[in-house]
Protein chains: 2
Amino acid sequence: MLSFTEENYLKALVQLTVFSEDVSEIGVNSLAKSLDIKPATASDMVRKLKDKSLVNYEKYGKVSLTPDGAKKGMMVIRRHRLWETFLYSKLDFSWGEVHDIAEELEHIHSEKLIDKLDEFLDFPEFDPHGEAIPNRYGEIMIPFRMTLSEVEVGKDCKIIAVKDSTDFLKYLDKIGLTINDRVRVINRETFDELTTISYDGKTAVVSPKLADNLFVVCAKCVKAKCDC
Amino acid sequence: MLSFTEENYLKALVQLTVFSEDVSEIGVNSLAKSLDIKPATASDMVRKLKDKSLVNYEKYGKVSLTPDGAKKGMMVIRRHRLWETFLYSKLDFSWGEVHDIAEELEHIHSEKLIDKLDEFLDFPEFDPHGEAIPNRYGEIMIPFRMTLSEVEVGKDCKIIAVKDSTDFLKYLDKIGLTINDRVRVINRETFDELTTISYDGKTAVVSPKLADNLFVVCAKCVKAKCDC
DNA sequence: GAAAATTGTTAGATGAGTCTAACTTTAGTA
DNA sequence: TACTAAAGTTAGACTCATCTAACAATTTTC
Ligand SMILES: [Mn+2]
Ligand SMILES: [Mn+2]
Ligand SMILES: [Mn+2]
Ligand SMILES: [Mn+2]
């Protein structure tokens, strides 16, 4: 059984790596800062977590979660967000009051309790702050910034930025695409990477050149489960 | 803020003293046994609780709760029983499953959380095991064994034992009173202690001699509040 | 490539809560 | 009353999570 402290380390690591684009490992100093403890303390604890196979780590190196550590950290976040949802929607707590209480409740271990609570709340997808709630397998939908080229076929995304070139902007305008538009990727040809998208009732085929330069956010299912 | 451990000591002390007839103080050995720790450990901790004015204690003496300690211990029991009720009646846990989870939940401190939970559960009077739930002031109804003479006017009680004397039993039989009868004390004259009782639709006036020898249980409101 | 800045580790200390082993006090009994 | 048994305390040790202070490695900057 993990201690409160160990769980808080794993939770912080999930937030700093799994929930962060382009960062899959982190230094001891940043970890310490995020937990509001001294680097010396974090350094010791990281060694202990490594001994328990919850993190990957070599002296003077970076820290990253093992699949087991990621799953356990994700479960702390699941518990936190489900309790926040309970406090908000069943006990009439306000938006701002729920976090501190959930910081304590997140460490109650019974898995059955959390699954029953999930069911009682009718399997909510988001907590009162709008953050996604991991499912019982430790999977969560996280918005990731990427280019349209990287969005999987069948997925939805939202345009958040366009490369600032006059030609490019003109072209977008012509096909009726702008910031904040929601787009679904219908198909992508393996031969020439032409991508078929649908948006606002319309359908269009776009080139890889366009798709590479269109920045979007897409809710990506992150699996922190051991056997996935 | 009290630690989990300190709260567990106070809870045990309430159960061993407040909830126990004729016992208002207890030895370090019994306390240790009830918490499944060694007497040496309990001895140390009791000194610490005394320093915090939560127990009365002198070296080699008995331990008893101060009003403050009793209130805090009672609150742990309130939280425990409210969470048990929640698990049982809202999350469909069985009778037998709720205790272990409540052992963890009882240490979540937010007072607002517990009062909201109480309201959400519609102010239950008993937990799934049938035990009374202390109110927000730390008051609880506990059944106490006493004689009919000691029951306050206006209170209900139940006959649990009668003194075994042939004359006495005959007399009881004559007025139609037996084990398990529920009785209400209607009046007690200060002059001669004659007690008027009602039971089974009937009313009777009984002598102090009879009342002294009729053993009953009566739900007594125990106040562990500081200012009561 | 050397100096400086940043990052990370180790050693030693602390407080909480626990233990065992040895000792002391109190209570019960012959 | 004196002896023995029970109850209670103290001393010393251990683990966990934290700290500070001193040191070591790595990275950045010039
Ligand atoms: Mn936490
Ligand atoms: Mn939240
Ligand atoms: Mn407890
Ligand atoms: Mn109960």
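The structure presented is a predicted model; accordingly, all values stated were derived computationally and were not measured. Every chain is numbered from 1, with letters handed out A, B, ... down the list of sequences.
What separates NZ of A:Lys59 from C1' of C:dG8 is a distance of 10 Å, to the nearest Å. The distance between atom CZ of A:Arg47 and atom C1' of C:dA11, rounded to the nearest whole Å, is 12 Å. Computed from coordinates, the A:Asp51 CG to D:dC16 P distance equals 11 Å when rounded to whole Å. Atom CG in A:Leu31 sits about 20 Å away from atom P in C:dT6, given to the nearest Å. In this structure, A:Tyr60 atom OH and C:dT6 atom P are separated by 18 Å, rounded to whole Å. Rounding to whole angstrom units, CG of residue A:Asn29 and C1' of D:dA25 are separated by 13 Å. The nearest whole Å value for the distance from the NZ atom in B:Lys33 to the C1' atom in C:dT18 is 19 Å. Straight-line distance from the CG atom of B:Leu2 to the C1' atom of C:dA16: 14 Å, rounded to whole Å.
Heavy-atom minimum distance, B:Cys218 versus B:Asp156: SG-O, 3.6 Å.
With sequence neighbours excluded, the residues that form a side chain to side chain contact (heavy atoms under 4.5 Å, CB included) with A:Arg136 are A:Arg78, A:Glu111, A:Asp115. With sequence neighbours left out, the side chain to side chain contact (heavy atoms under 4.5 Å, CB included) criterion links B:Ala32 to B:Ile37, B:Pro39, B:Ala42. Applying the side chain to side chain contact (heavy atoms under 4.5 Å, CB included) test to A:Glu150 and every residue at least two apart in sequence or in another chain returns A:Met146, A:Thr147. Under the side chain to side chain contact (heavy atoms under 4.5 Å, CB included) criterion, B:Glu125 pairs with no residue at all, not counting sequence neighbours. For B:Glu58, the side-chain hydrogen bond (donor to acceptor under 3.5 Å, both in side chains) test picks out B:Lys50, with sequence neighbours left out.
Contact between the side-chain N/O atoms of B:Lys62 and the OP1/OP2 oxygens of D:dA7 is not found at any separation under 4.0 Å.
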Output one line per pair: protein atom, nucleotide atom from nucleotides 18-23 of chain D, and distance, for all N/O pairs under 3.5 Å.
| unit_1 | atom_1 | unit_2 | atom_2 | d |
| --- | --- | --- | --- | --- |
| D:dC19 | OP2 | A:Lys38 | N | 3.1 |
| D:dC19 | OP2 | A:Thr41 | OG1 | 2.6 |

